[in-house]
**Student:** 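Below is the structure I would like to discuss, written out as structure tokens.
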Protein chains: 2
Amino acid sequence: MAEKLQDSYLAAHDQLYRTLRMRIMYGEMRPGQAITLRGVAKEFGVSVTPVREALKRLAAEGALSISVSGRFQTPALTNDRIEELAALRALIEVELATRALPRAHMALVERLQTINNAISVAVAKADAVTYIRTNLEFHRTLYLRAQAPAMLATVETVWLQMGPTMRALYGRLQRKDPPIHHRLILAALKAGDEPGLRVAVRADVTQGLRMLAR
Amino acid sequence: MAEKLQDSYLAAHDQLYRTLRMRIMYGEMRPGQAITLRGVAKEFGVSVTPVREALKRLAAEGALSISVSGRFQTPALTNDRIEELAALRALIEVELATRALPRAHMALVERLQTINNAISVAVAKADAVTYIRTNLEFHRTLYLRAQAPAMLATVETVWLQMGPTMRALYGRLQRKDPPIHHRLILAALKAGDEPGLRVAVRADVTQGLRMLAR
DNA sequence: GTGGTCCAAATGTGATCACAAATGCATATG
DNA sequence: CATATGCATTTGTGATCACATTTGGACCAC
């Protein structure tokens, strides 16, 4: 099976998948950017076989779209699709936060605050990729406490689909302030305030949507 | 690209994907059943290359699980995982039904009633596969009216993951009656009763869960 | 200049092969 | 009879090749 001795070793197609997935989810690619089998194969020094698997997998998750002739590119989402994905985020993430709440102890809140500081730094530097990555890390860290792997996987797929678009939106946004809703989330977690937490998460998730609908 | 002239032609790996996906979603395979590249390749008269793509794609969607040594098999879900997937169904399908409600005219209700009759026939014959397929067709027909393709795709992925388990559950269930909740859904659609529709959909989706938790 | 034609390069697809690891069963051993 | 050993088979992975289609642009006609 071409696997080496160490457990940490990953098959080539899996390594490719993870690397490309991060690039897409964290906004390192523009919407509509083309990807070719031989281009990726050359960049990573492998043949087209593992690249095909990685790209097909990403396409199956909606991270890439396939043209009628089989070409791969990052998706350029319509406004309707963005609204739908944001609604999905709201539905699932509110549930995940609710399930995490009874397990959210002080140590978790402190970790979230640390991540939030990193988000503020990224905002100050206008570093879009770091902003997106740390922002998603904030959410993922909270939701991991929900002990709901299927829900988390589903919402990560949604994040993946929105990656390139979020990057493009960030450029238009010109953020200057650290995320206000994250503070509301942290306050609700500390207070054990479930209704407040649900409102705060929903607001945070749908916040970026409003500036789009102008 | 090895495609023929007609638009209806599909690439081999896509044809494989759709066929296997239907087998899994509609409960034609038992939980834990093994699938091999060469076995599928031989059955369909193709090489392993397109089979690999189809199986990897199904695995990416959670329809198949991969052992540490790379073997494919249908997933055997834990009770926790089943509860989680049912909760996901409830979240998303209630939203889809709500979005479909204002567009649900009489013609749609009549189509749903026709499908419901087919479900009753399948129940009477104790035909598990037909029951699962027509039951999902009932839901899909309603949700198509919601004009929310991303949500529909997400919930179909959940159905896919539950396929083999639903079949196993059906064997234990020994259904004798046509689905009572579907009648409640139809009544709520006719009356334009959104709260009633939400309750009915949620009950229908989580119904099968209770007999599992015994 | 505009639109059409043709051809070379680029691209995805599927088959085949070599390889390494895992599997499973027969055989041996206590 | 139970357990361990060894070996042939099975299995997934990745590289390579041939092929058909698509793409892009140069070239030409009007």
**Student:** Could you state the interatomic distance from CZ (A:Arg103) to CG (A:Leu189), rounded to the nearest 0.5 Å?
**Tutor:** 14.0 Å

**Student:** How close or far is atom C1' of C:dT13 from atom CZ of A:Arg71, stated in whole angstroms?
**Tutor:** 12 Å

**Student:** For the residue pair A:Glu84 and A:Arg81, establish whether any side-chain heavy-atom pair is separated by less than 4.5 Å.
**Tutor:** yes

**Student:** Which nucleotide sits closest to the side chain of A:Ser69: D:dT22, D:dT13, C:dG14?
**Tutor:** D:dT22

**Student:** Looking at C:dA22, C:dG12, D:dG14, which one has an atom nearest to any side-chain atom of A:Ala12?
**Tutor:** D:dG14

**Student:** Rounded to whole angstroms, how far apart are CZ on B:Phe72 and P on C:dA22?
**Tutor:** 16 Å

**Student:** Give every donor-acceptor pair under 3.5 Å between a side-chain atom in residues 27-38 of chain B and any protein atom, sequence neighbours left out.
**Tutor:**
residue: B:Gln33; atom: OE1; partner: B:Arg30; partner atom: N; Å: 3.1
residue: B:Thr36; atom: OG1; partner: B:Gly39; partner atom: N; Å: 3.1

**Student:** Under 4.0 Å from any atom of DNA chain C, heavy atoms only: list the residues of residues 30-43 of chain B that qualify, in numerical order.
**Tutor:** none

**Student:** Round to the nearest Å and state the distance from A:Lys56 atom NZ to D:dT13 atom P.
**Tutor:** 17 Å

**Student:** Below 4.0 angstrom, which residues in residues 46-55 of chain A have at least one non-hydrogen atom near DNA chain D?
**Tutor:** A:Val46, A:Ser47, A:Val48, A:Thr49, A:Pro50

**Student:** For residues 85-99 of chain B, which residue pairs pass the side-chain hydrogen bond (donor to acceptor under 3.5 Å, both in side chains) check, not counting sequence neighbours?
**Tutor:** A:Glu83-B:Arg99, B:Arg89-B:Glu93, B:Glu93-B:His139, B:Glu93-B:Tyr143, B:Glu93-B:Trp159, B:Glu95-B:Arg99, B:Thr98-B:Arg198

**Student:** Are any of the side-chain heavy atoms of B:Asn135 and B:Ile132 separated by less than 4.5 Å?
**Tutor:** no

**Student:** Rounded to whole Å, please give me the gap between CD1 in A:Ile66 and P in C:dG12.
**Tutor:** 10 Å

**Student:** Compile the donor-acceptor pairs under 3.5 Å between side chains in residues 54-65 of chain B and protein atoms, sequence neighbours left out, one pair per line.
**Tutor:**
residue: B:Lys56; atom: NZ; partner: A:His13; partner atom: NE2; Å: 3.3
residue: B:Glu61; atom: OE1; partner: B:Tyr17; partner atom: OH; Å: 3.2
residue: B:Glu61; atom: OE2; partner: B:Tyr17; partner atom: OH; Å: 2.5
residue: B:Ser65; atom: OG; partner: B:Gln73; partner atom: O; Å: 3.3

**Student:** May I have all residue pairs that pass ring pair (Phe, Tyr, Trp, His ring centres under 6.0 Å) and include part of residues 27-80 of chain B, sequence neighbours excluded?
**Tutor:** none

**Student:** If every non-hydrogen atom of A:Ile92 is compared with every non-hydrogen atom of B:Leu91, which pair is closest and at what distance?
**Tutor:** CA-CD1, 4.4 Å

